[in-house]
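Written out below as structure tokens is the structure these notes cover.
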Amino acid sequence: PLFGTVSLDGTVSDDGSPVPPGVVTTLWSQVSGVGTASFAEPDAIDTTVTFDLPGTYVLRLTGDDGHLTTFDEMTVSVSGSTVPESVSLIREDCTGVSGCYTSLAAWEATEQRNLVASGEVAVARIEGVWNTPDTTGFTIDGWTTDSDHHVKIVAVGPARHAGVWSETAYRLASAAGTVLVVRDAFTHIEGLQIGGTRVGSQALVFLSSGATRTRITGNLLTKLSGGGSNNGAVVSNAWDNIIQVDHNIVQDLQFGIGNFNGSSLTQLHAYANTIHGATEGLTSAAPGSVLARNNLIVGSTSAASGTFA
């Protein structure tokens with residue numbers, strides 16, 4: 001199931017060469033698969049991995065002593081979730097369509113419920129062409145979730161961006177101080193365009209207390225207008241939580257992605273994001289609170305600030 005995890009128990013030994021022997025480092029990576037395999041601690045021998053789609057994956061554990069590098073691979077088969085999905089449609093025009101909303105804010109306010117008790121996954125599927133933006137910021141709050149019964153917001157087809165900002169794909173464009181706030185655990189947000197139009201302080205995605213195991217993936221986040229300072233793409237202020245932020249595009253914001261609460265109990269995992277035009281690409285306010293791997297940061301004043309895991 002989505003957010004389901006598999007424990008990995010690796011073994012690496014050194015051959016003692018050269019003399020004195022070097023420090024052995026290890027790294028877990030994904031070789032192939034239908035979706036994304038996300039490692040909790042890629043550089044730990046024993047860790048956990050989460051898969052976002054059912055199917056077959058090949059994982060690799062690499063050992064390096066500074067003199068020789070070797071690896072071994074394993075195959076993991078992930079079965080699909082048996083939990084039924086309750087799908088609501090989000091469209092610019094809902095004429096004649098049942099179970100449809102014209103904004104994510106309206107969907108969230110109407111549909112929030114105890115998903116564990118109802119035994120389902122709540123999906124907001126954004127479809128179709130959008131000639132006008134969704135301008136109402138909103139908060140994911142009031143849901144009861146767990147690893148199998150979660151909230152998923154996903155843009156599909158023409159509603160999903162193709163790597164560049166599109167005026168016909170879905171876009172959440174708001175002047176609110178926080179455009180999208182997540183307060184509930186196991187929330188998955190995928191494929192959205194989120195833009196800021198506020199003068200001054202603004203967070204496009206704000207992860208608050210309770211947002212553990214939230215995943216922000218494949219989104220395009222940018223400052224559309226307004227200017228000013230103290231604005232950021234994905235801002236975590238969640239305590240003692242595990243957050244995953246991967247494969248997003250961030251551009252023209254003062255802060256890109258980071259944990260700002262000063263708690264080393266928080267673990268924000270930033271993987272394979274592209275950040276352009278930031279004053280500060282990645283931020284770790286507490287030592288070791290951000291695990292960053294394979295991010296591309298270009299055209300920014302500072303790539304990163306703080307001590308990373």
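Scope of the values below: all heavy atoms of this structure, side chains included, with no hydrogens, waters or symmetry mates. The residues of the chain are indexed from 1 along the displayed sequence.
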Discussion item. Applying side chain to side chain donor-acceptor pair (under 3.5 Å) to Ser225 and Thr197, what does each step give before you reach the verdict?
Written reply: CA-CA 5 Å; Ser225 63; Thr197 60; 4.9 Å; no
Worksheet entry | From CA spacing to verdict: side-chain contact (heavy atoms from CB on, under 4.5 Å), His188, Thr217 | CA-CA 8 Å; His188 184 171; Thr217 180; 3.2 Å; yes
Would [X] end up clustered with [Y] when hydrophobic side chains under 4.5 Å apart are linked, directly or stepwise?
X	Y	value
Val250	Leu224	no
Ile257	Ile297	yes
Leu104	Val129	no
Val49	Leu291	no
Val83	Val123	yes

Determine whether the side chains of [X] and [Y] contain a donor N or O and an acceptor N or O closer than 3.5 Å.
X	Y	value
Glu41	Trp28	no
Gln244	Thr214	no
Thr95	Asp93	yes
Asp134	Ser103	no
Thr301	Thr279	no

Taking side chain as C-beta onward, heavy atoms only, is [X] less than 4.5 Å from [Y]?
X	Y	result
Tyr57	Val31	no
Arg160	Val154	yes
Val205	Ile194	yes
Asp141	Val181	no
Val58	Ser32	yes
Thr62	Thr70	no
Val76	Thr56	no
Leu8	Thr48	no

Item to complete: Run through the side-chain heavy atoms of Ile, Leu, Val, Met, Phe, Trp and Tyr, join any pair under 4.5 Å, and report what else lands in Leu296's cluster.
Response: Val298
Worksheet entry | Linked hydrophobic residues, Leu68 as query - side chain contacts closer than 4.5 Å | none
Do [X] side-chain atoms and [Y] backbone N/O form a donor-acceptor pair below 3.5 Å?
X	Y	result
Arg171	Ala169	yes
Asn273	Asn295	no
Thr178	Leu180	no
Lys223	Arg198	yes
His150	Leu115	no
Gln202	Asn231	no
Asp184	Trp143	yes
Ser166	Thr168	yes
Thr26	Asp43	yes

Quick one: pull up [atom1] in [X] and [atom2] in [Y] and give me the separation to the nearest 0.5 Å.
X	Y	atom1	atom2	value
Asp72	Leu61	CG	CG	7.5 Å
Leu172	Thr135	CG	OG1	8.5 Å
Asn259	His269	CG	NE2	11.0 Å
Ile126	Ser88	CD1	OG	11.5 Å
Thr212	Ile243	OG1	CD1	6.0 Å
Leu268	Thr283	CG	OG1	10.0 Å

Can you run down the ring pair (Phe, Tyr, Trp, His ring centres under 6.0 Å) pairs that involve [range], sequence neighbours left out, and say none if there aren't any?
range	answer
residues 275-309	none
residues 189-219	none
residues 162-181	Trp130-Tyr170

Worksheet item: Which is it for Glu92 and Thr102 under the side chain to side chain donor-acceptor pair (under 3.5 Å) test, yes or no, and what are the steps along the way?
Response: CA-CA 5 Å; Glu92 184 176 22; Thr102 57; over 6 Å; no
Item to complete: Using the side-chain contact (heavy atoms from CB on, under 4.5 Å) rule, take Thr222 and Leu253 through it: C-alpha gap first, then chi angles, then the decisive distance, then the call.
Response: CA-CA 6 Å; Thr222 188; Leu253 288 150; 5.5 Å; no
Which atom names give the shortest non-hydrogen contact between [X] and [Y], and what distance separates them?
X	Y	answer
Ser289	Ala286	OG-O, 2.9 Å
Ile90	Ala124	CG1-CB, 4.1 Å
Glu108	Thr139	CD-O, 3.0 Å
Leu204	Val179	O-CB, 3.4 Å
Ile275	Ser300	O-OG, 4.1 Å
Asp64	His67	OD1-N, 4.2 Å

Worksheet item: Can the positive tip of Arg293 be found less than 6.0 Å from the middle of the six-membered ring of Tyr271, inside 45° of the ring normal?
Response: no
Item to complete: Begin with the C-alpha distance, continue with both residues' side-chain angles, and end with the deciding distance and a verdict on side-chain contact (heavy atoms from CB on, under 4.5 Å) for Ile249 and Leu221.
Response: CA-CA 6 Å; Ile249 299 171; Leu221 307 107; over 6 Å; no
Worksheet item: Is it true that Phe260 and Phe255 have ring centroids separated by less than 6.0 Å?
Response: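 Centroid distance Phe260-Phe255: below 6.0 Å, so yes.
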Worksheet item: Between Arg215 and Asp246, is the closest basic N to carboxylate O distance under 4.0 Å?
Response: yes
Item to complete: Please determine if Glu85 and Lys152 form a salt bridge, counting it only when a charged side-chain N lies under 4.0 Å from a carboxylate O.
Response: no
Worksheet entry | side-chain contact (heavy atoms from CB on, under 4.5 Å) between Val97 and Leu89, intermediate numbers included | CA-CA 9 Å; Val97 182; Leu89 302 180; 3.8 Å; yes
Fill in: salt bridge (charged side-chain N to carboxylate O under 4.0 Å, His left out) partners of residues 118-132, not counting sequence neighbours, each pair once
Arg91-Glu127, Arg113-Glu120, Arg125-Glu127
